[in-house]
Amino acid sequence: MKFMKGSVVRAAAGRDSGGFFVVTGTDNDYCYIANGKSRKLAKPKRKNAKHLCPTDSMISINDITDKKLRTLLREFTSSECKEGN
């Protein structure tokens with residue numbers, strides 16, 4: 001599955017599993033994700049795309065702060081994740 005910059009995803013595996021993140025960039029089979037708290041926009045986590053569950057939501061991450069990102073991601077619940085990717 002291809003992820004785009006600004007896509008909201010849920011981590012399905014690893015220490016971050018269950019948390020919602022925004023994709024800040026992509027690199028072959030990997031995505032760079034941030035949530036504004038443990039993973040800041042300035043230093044996103046590199047995560048395998050197969051360990052991410054996509055949602056239908058997008059966030060414009062141009063000129064956004066970590067605090068604003070945390071506020072936007074707080075609105076998501078686990079029921080918004082599309083299963084079966």
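- Annotation: the span from C31 atom SG to K5 atom NZ amounts to 13.0 Å, rounded to 0.5 Å.
- Membership of the apolar cluster around M58 extends to M4, as traced through chained side-chain contacts below 4.5 Å between ILVMFWY residues.
- In this structure, OG in S38 is found 12.0 Å from NZ in K43, a value given to the nearest 0.5 Å.
- Within the model, atoms NE2 of H51 and CG of D16 stand 12.0 Å from one another, a figure rounded to the nearest 0.5 Å.
- Taking hydrophobic clusters as Ile, Leu, Val, Met, Phe, Trp and Tyr residues chained together by side-chain heavy-atom distances below 4.5 Å, F76 shares a cluster with V22.
- Nearest heavy atom pair, residue N35 against residue F20, reads CB-O, 3.7 Å.
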Name the atoms and distances for all side-chain donor-acceptor pairs under 3.5 Å in residues 61-73, with sequence neighbours left out.
unit_1 : atom_1 : unit_2 : atom_2 : d
T65    : OG1    : K68    : N      : 3.2
D66    : OD1    : L41    : N      : 3.0
R70    : NH1    : G36    : O      : 2.7
T71    : OG1    : K67    : O      : 3.0

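- The OH atom of Y30 sits 11.0 Å away from the NZ atom of K45 when rounded to the nearest 0.5 Å.
- Of all non-hydrogen atoms in P54 and V9, the two that sit nearest each other are CA-CG1, 4.3 Å.
- Under a cut-off of 6.0 angstrom, the local environment of NZ in K37 is sparse, with at most 12 non-hydrogen atoms contributed by other residues, nucleotides or ligands.
- Residues T24 and I33 fail the side-chain proximity criterion, which asks for heavy atoms closer than 4.5 Å.
- Using a 4.5 Å cut-off on side-chain heavy atoms (C-beta onward), Y32 and V23 make no contact.
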